[in-house]
Engineer: 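Can you keep this structure in mind? I'll have questions shortly.
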Amino acid sequence: LLASDTVPFVLDEIMDHEKVYNEALEVVKGGVVKIDHFENIYRLPLKFEGVPNWRQATGFNVFGSGQPSFSGLLSVIKFYKHEKNLKNIIWVNMRSEPVLYANNMSFAPRNPSNLNENISVEGLSVSDVEMLQEFLIEDQRQRTREANNIFTYHKDTYALVPEDRRDIVLQEKCDDPYKNINTVNYTFSLAQNENEFEVMFSRLPVNDERVPNLEDFDRLSSLLYSNLGPLTAVHFNCQMGKGRTTTGMVLACLIQSKMLKKPIKYKEEENQDGTLLHGNYQAIVKLLKLLPDGRTMKMEMDAIIDACSHMQNLRTCIWETHENYCKEVEKDGTSSSRAAFWKMLGVNFIERYFYLICFNAFVTESSQTAFRDTFVYWCERNQAILDILGTRKSGYLSSFNWV
C-alpha cells in the first residue's frame, strides 16, 4: 500500500504488480551493474574503512550507514560486539533494488538507458526483490565466467542532479565467480558466522527519497517490538546512507522511545506557526489541528529528526529543495529538468514528513496496546486526515508549491 494513495487501497488502481516486476527483471537481464561506492560518497568523518557515512543517533543504540563493503561490515560488527558491548544487531537494509557483492564490494543493477539513478521497483515485496537478486547473481556469475573471470561494472562520479553525473566502465579479475559473487543476504550470513555474533538481517524496501509503504511501517514496528532489547543495536543502510537510512533511524528512535516510555525532549520555541523552515506548511498546520495533541506529535517528531540529522534533516531540506528549485527556474525556467528534479524532491520530502508525524500519533496510541493495531488500519479509519495531503494525482500534494 502506497502512503501517497487514498485508502481504502485497490491493488489494480495502485499499479500493475506483474508489469513492475517484469520491467525490473528486464533491467536485471540487461547485465549492467554499478558499484555502490561512487566518488565522494563519504560525507561524514571516516569511522570504518568501507562503511560510508556511519553514525549513531543521539541518545539511542540506533545506527546508520551506506552499503558497507564486506570487510567494512566485519569491522562494524566487531565494534558493536567488543567496543559497544552489545549482544546482537537488527540490521535493516532499506534498499528496494537488488544488491550483490563481488570481490568485497557491493553493486546494484542499473537501467542501461538511465545509468545515473537507482532503478525504481515501487510496490514489490521483499520476496520479489530477493527473486530478482537470484536472477542478478546467476546472470553476473555467467557473464563473468564467459569473460574469462573478468567482472565488468560501472561507477558514478557524483553530482546532486543525476544528469550531471558521469559514468565510468571498469573491470577487475574475479577468480571464482561462483564463490566471489553473492547476494547481500548470503554476504551478511557470512559476516555473522565469522564474528560469532547474532545479526538479524531484514529488508524494508523503499525507493530513493520516498516514504515507506504503509505495511513497511508495520513490519518495522513488529520487528522492533518483538526483538529489541536494551543491548540490541539497530542499524539501517541504503546505498549512500542518506535519505532512506535516515528515515529508518527516525522510525526506530521513535518506536524505541514509545516502547520504553522514554520522554522525547523537544524545543517548543522552534515550532513557530507559519515558519516554513520549521515545517509549518499548510498541510502540516491542518494536520496538527486534526491529530489529537497534534502540536506535540510534530515537536516530538522534529526532535527525533534532529537526533538523526547527521546526513539529512527532513524538516529543513523541504525548504532547501525550494531554494534550489528557484535557482534553476531563474536560470532555465520552470520546464528545465533540474527544476523538475528539485520539485520532485520537495514533493517526496513533504509527503514523508506528513506521514512521519501521522506515524508518531499512531505509535503513541499503539504503544499502550502492544502494537495490536496497525498503521494501515489507523490510516483507513483516519481517511479525513490523509485527505489533507491528497495524492500525487489530486489535492495538496499534486500541486505542492512550498506553501
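None of the values given here were measured: they were computed from a predicted structure.
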Engineer: Got K47 and Y42 here, is their nearest side-chain heavy-atom distance under 4.5 Å?
Structural biologist: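 The answer is no; the side chains never approach within 4.5 Å.
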
Engineer: Any side-chain heavy-atom pair from C253 and C308 closer than 4.5 angstrom?
Structural biologist: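 Yes, their side chains come closer than 4.5 Å.
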
Engineer: Does D306 reach the main-chain N or O of A303 with its side chain, forming a donor-acceptor pair under 3.5 Å?
Structural biologist: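 No.
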
Engineer: My understanding is that only residues two or more places apart in sequence, or in another chain, count here; which of them pass salt bridge (charged side-chain N to carboxylate O under 4.0 Å, His left out) with K19?
Structural biologist: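 Once residues adjacent in sequence are excluded, the partners of K19 under the salt bridge (charged side-chain N to carboxylate O under 4.0 Å, His left out) criterion are E23.
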
Engineer: By side chain to side chain donor-acceptor pair (under 3.5 Å), which residues pair with D216, not counting sequence neighbours?
Structural biologist: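 Here the qualifying residues are R219.
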
Engineer: Contact between T232 and N61 at the side-chain level, heavy atoms closer than 4.5 Å - yes or no?
Structural biologist: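 A side-chain contact under 4.5 Å is absent here.
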
Engineer: Show me, pair by pair, the donor-acceptor contacts under 3.5 angstrom made by side chains of residues 340-348, not counting sequence neighbours?
Structural biologist:
| from | atom 1 | to | atom 2 | distance (Å) |
| --- | --- | --- | --- | --- |
| K343 | NZ | F400 | O | 3.4 |
| N348 | OD1 | R392 | NH1 | 3.2 |
| N348 | OD1 | R392 | NH2 | 2.7 |

Engineer: Write out all pairs satisfying salt bridge (charged side-chain N to carboxylate O under 4.0 Å, His left out) with one or both partners inside residues 52-71, taking only residues at least two apart or from two chains.
Structural biologist: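 Applying salt bridge (charged side-chain N to carboxylate O under 4.0 Å, His left out) to every pair that reaches into residues 52-71, excluding sequence neighbours, yields nothing.
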
Engineer: Could you list all the salt bridge (charged side-chain N to carboxylate O under 4.0 Å, His left out) pairs where at least one residue sits in residues 87-107, not counting sequence neighbours?
Structural biologist: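 Applying salt bridge (charged side-chain N to carboxylate O under 4.0 Å, His left out) to every pair that reaches into residues 87-107, excluding sequence neighbours, yields D36-R95, R95-E97, E97-R244.
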
Engineer: Establish, yes or no, whether a centroid distance under 6.0 Å links the rings of F63 and Y80.
Structural biologist: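 That pair passes the under 6.0 Å test.
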
Engineer: Is there any salt bridge (charged side-chain N to carboxylate O under 4.0 Å, His left out) pair reaching into residues 353-377, and which pairs are they, with sequence neighbours excluded?
Structural biologist: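 Salt bridge (charged side-chain N to carboxylate O under 4.0 Å, His left out) check on residues 353-377 returns E365-R381, D373-R381.
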
Engineer: Which residues satisfy the ring pair (Phe, Tyr, Trp, His ring centres under 6.0 Å) test with F236, sequence neighbours excluded?
Structural biologist: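 By the ring pair (Phe, Tyr, Trp, His ring centres under 6.0 Å) rule, F236 matches no residue at all.
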
Engineer: Crowded around F79 CZ? As in, over 12 foreign heavy atoms under 6.0 Å?
Structural biologist: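 It does: F79 CZ has more than 12 such atoms within range.
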
Engineer: Does K331 pair with E328 as a salt bridge, N-O distance under 4.0 Å?
Structural biologist: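 Counted as a salt bridge, because a side-chain N and a carboxylate O are separated by less than 4.0 Å.
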
Engineer: Just jot down the ring pair (Phe, Tyr, Trp, His ring centres under 6.0 Å) partners of F188, sequence neighbours excluded, or say none.
Structural biologist: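 Applying ring pair (Phe, Tyr, Trp, His ring centres under 6.0 Å) to F188 gives W91, F201.
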
Engineer: Minimum heavy-atom separation for V99 to S106, with atom names?
Structural biologist: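 Minimum heavy-atom separation between V99 and S106: CG1-CB, 4.2 Å.
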
Engineer: Could I get the full list of ring pair (Phe, Tyr, Trp, His ring centres under 6.0 Å) partners for F151, not counting sequence neighbours?
Structural biologist: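 Here the qualifying residues are F107, Y153.
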
Engineer: Please list, chain by chain and in numerical order, all residues satisfying ring pair (Phe, Tyr, Trp, His ring centres under 6.0 Å) with Y101, sequence neighbours excluded.
Structural biologist: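 Scan of Y101 (ring pair (Phe, Tyr, Trp, His ring centres under 6.0 Å), adjacent residues dropped) gives none.
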
Engineer: Hey, are K242 and E209 close enough for a salt bridge, meaning a charged N less than 4.0 Å from a carboxylate O?
Structural biologist: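 A salt bridge is absent here (no side-chain N lies under 4.0 Å from a carboxylate O).
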
Engineer: Could you list the residues that satisfy side chain to side chain donor-acceptor pair (under 3.5 Å) with N182, not counting sequence neighbours?
Structural biologist: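 R141.
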
Engineer: Quick one, Q239 and K34 - any side-chain contact, counting heavy atoms below 4.5 Å?
Structural biologist: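 Side chain of Q239 against side chain of K34, heavy atoms only: no contact under 4.5 Å found.
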
Engineer: Ring of Y396, cation from K286 - is the NZ or CZ under 6.0 Å from the centre and inside 45° of the axis?
Structural biologist: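 Pair K286/Y396 does not count as cation-pi.
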
Engineer: Please list, chain by chain and in numerical order, all residues satisfying side chain to side chain donor-acceptor pair (under 3.5 Å) with T296, sequence neighbours excluded.
Structural biologist: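 So T296 forms a side chain to side chain donor-acceptor pair (under 3.5 Å) with D293.
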
Engineer: Is any side-chain heavy atom of Q67 closer than 4.5 Å to a side-chain heavy atom of N93?
Structural biologist: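 Contact flag for Q67/N93 side chains = yes.
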
